[in-house]
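One structure below.
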2 protein chains.
Amino acid sequence: MTKITARQIAAQTGVSIATVSRTINNNGYVHADVRARIEAAMRDLGYLPNQAARNLATGRTRTVGLVLQTLHSPAFVDMTEAIQMTLREKGYFLLMCNTQFNQQIETDYLRLVQSGMLDGMITNAINDTATEMRQLVQQNYPIVFINRSLSGIEGQPTRTGFVQMDLQHATFLATDYLAGLGHRRIGVMTGDMQLSTQQRRLGGYREALQARGIEFDPLLVRAVAVNRHEAVEAGQLAPKNANALHEATVQATGEFLTAIPDVSALIVIYHTMLPGVLQAIRQMGRRVPHDLSLIAFSDFPMAPFLDPPLTVVAQPSTEMGHKAADMLVALIEQPSQPAQHVLLKPELIVRQSCKPYP
Amino acid sequence: MTKITARQIAAQTGVSIATVSRTINNNGYVHADVRARIEAAMRDLGYLPNQAARNLATGRTRTVGLVLQTLHSPAFVDMTEAIQMTLREKGYFLLMCNTQFNQQIETDYLRLVQSGMLDGMITNAINDTATEMRQLVQQNYPIVFINRSLSGIEGQPTRTGFVQMDLQHATFLATDYLAGLGHRRIGVMTGDMQLSTQQRRLGGYREALQARGIEFDPLLVRAVAVNRHEAVEAGQLAPKNANALHEATVQATGEFLTAIPDVSALIVIYHTMLPGVLQAIRQMGRRVPHDLSLIAFSDFPMAPFLDPPLTVVAQPSTEMGHKAADMLVALIEQPSQPAQHVLLKPELIVRQSCKPYP
DNA sequence: CTAAAATGTGTAACCGGTTACATGTGGTAG
DNA sequence: CTACCACATGTAACCGGTTACACATTTTAG
């Protein structure tokens, strides 16, 4: 564990550390012979430049953060892997974080950008109200939001980017499909209503209802709010929190279906809620799709093998990951400019969890 | 984006940067009044210490790496989240990486430890033959292996730890259960045979067969080798690779069941192969559990809702994650010592994908 | 043949903290 | 009253690189 330094390489080769540095970074002029000798010495001694020193000297780390709420969602996993691969191609590392819906963790990671440990960050985890985040944006740190928006920065030159799936269209697709099958009482199981995304999601729902001449009934939208605030207050960590969400979902779904028995179709917005919803349905003795049609968000490899095979609205997660990473790197490496937006389309994948209203 | 430095805080408060540093790190003596003034100044100016500088000065980063092959496995996701939570409690950050079975990526991340960017690392991704990894271990860098072993370091003082599920027992449980149901021709779908884990997995299989007086037939073990080497050669990245594995699994399973039609039960070792196996079974028109009993490894939230509900051998993933993180932090913060081993037990969760041999 | 441009290399300042050591106070034990 | 110690703070070396600048040598162009 003896640390080899550039100084030692320099001594060994009989040059100055400046020349060693030039060789490492492949900039400036270095004679081919000298370069070869330096590289040989580096290889022989197993030298690797100290990253902390480089970071300090250059003011960059070539590391970016990815802050997500959870990885228990195949869409996020796909996105994560896509982001990582793209970043790698561009020479960046990824520091990852799941907040588990804990806002404190979000804030801590934001600080990492300000403390110079991260060159930028990609996130879907930020509540719009977070003033910390606004501050970061204002201070011109490169940030890409996934499926989130941030008001009040329009037209301003910042280093902010947005990659979004068309959430409104996603719920529209699901709702329209169900309405087309004759369903009128279409329930929605969703999460934290505070998020800016909820408006767009519900917008698509209402749009589809309206187009079909169905009246919107707010009672049909049920939010299971195991959100960051509760999680923080309860001091809950990952596994506990996951269970809490599951239990809450089972209970909420049960109550919902009992209270509004004429619901004939259900849209499940968050993948993490799906097992809970399925369990509640099973416990109540209702059967999909005979007694209840079901559409979930995000496709996943096991969806065709569920009982019944699940109809879903799929997100272009991998593509979103690539775009987000591309965008962030551009923001890091270029001067600030008005925010970029990328909007990708969801897709309805019909399997067998919905059937026409009798 | 004006950077505030400790120097400025010092000037503002009328003290030296040493005192500011003492305040930040809460060590040495600082007068309570002075401390209060410094903290106020830091808050007012929104000061955050530069991490690169701290890393350079202290020789530590409080960041550790987690290198996994993929996140498309709920067990890994659970483990990842557990690791992250534990590390966070202890004041460490997590730099994550999915290798996508690409050995080059593994090696790159190993270098990050040697280059001082990471204080240590947790990994399950390393092929035993990797000389790079041995070198790292020999050089006393803190490393925790998950479900991997490394020969030749027994008794030596290193900073190495091992967290393993009892793989042999896991396959034993599955095999014994199936044999107990009367199955004699029990197939195994697995992955890369090069990995040290395969011996232990097959060990449990053979042990259970022997105990039941069933002869071992090597033809019943089928490896689908979409491994790192192939992936690297083909230059494949994440999504392509995932598809490649899926296609290869479908084809291999189909061939396997056609070639050996008297296989009445199947054990699927890798979760990532499960959709492919299920698809092949479906394509062949065989039905689970009537025509074929099935046991998979790793439980997952959707398992009870598959058709049929899936019997699995569950890993204690969350616990493994906690242990691994604890162990790594201990290795980082304490002098080297003989390698620690933690062995956790798997658990058979019986659902409805197996039935007695007719 | 000479001036300008390109090539090659070293010196030293700098990145922004941490920390060993020196210095100086005031309180307390002997 | 003196010696010693706890407390408080500053000075400056150091962590290990990067890079602007100066200087020397070689090419190239006119």
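Please read all numbers here as calculations on a predicted model, not as lab measurements. Here is how names work: the chains are called A, B, and so on, in the same order as the sequence lines, proteins then strands, and each is numbered from 1.
Distance A/Met117 CE to C/dC15 C1': 17 Å, rounded to the nearest Å.
Of all non-hydrogen atoms in B/Asp119 and B/Thr61, the two that sit nearest each other are OD1-N, 3.0 Å. The shortest non-hydrogen separation linking A/Ala41 to A/Gln12 is CB-CG, 4.1 Å.
Defined by atom type and a distance below 3.5 Å, a donor-acceptor pair is missing between the side-chain atoms of B/Ser16 and B/Arg22. Between the side chains of B/Arg35 and B/Tyr29, no donor-acceptor pair is found at a separation under 3.5 Å. If you check the side chains of A/Asn25 and A/Arg54, you find a donor sitting under 3.5 Å from an acceptor.
The rotation axes computed at either terminus of the helix from C/dC1-D/dG30 to C/dG30-D/dC1 lie 30° apart, taking five pairs at each end and rounding to 10 degrees.
Remark: A/His31 pairs with no residue by the ring pair (Phe, Tyr, Trp, His ring centres under 6.0 Å) rule, at least two apart or across chains.
Residue B/Tyr29 places none of its side-chain N or O atoms closer than 4.0 Å to OP1 or OP2 of D/dA8.
Contact of the B/Ile17 side chain with the B/Arg7 side chain is registered, since non-hydrogen atoms from C-beta on lie closer than 4.5 Å.
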Close N/O contacts between protein and nucleotides 16-19 of chain D (under 3.5 Å):
from, atom 1, to, atom 2, distance (Å)
D/dG16, N2, A/Ala53, O, 3.4
D/dG17, OP1, A/Tyr47, OH, 3.2
D/dG17, OP2, A/Ala6, N, 2.8
D/dG17, O5', A/Tyr47, OH, 2.9
D/dT18, OP1, A/Asn25, OD1, 3.2
D/dT18, OP1, A/Asn25, ND2, 2.9
D/dT18, OP1, A/Arg54, NE, 2.9
D/dT18, OP1, A/Arg54, NH2, 3.3
D/dT18, OP2, A/Ser21, OG, 2.4
D/dT18, OP2, A/Asn25, ND2, 3.2

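Contact check on A/Glu132 versus A/Arg111 returns a salt bridge, with a Lys/Arg side-chain nitrogen under 4.0 Å from an Asp/Glu carboxylate oxygen.
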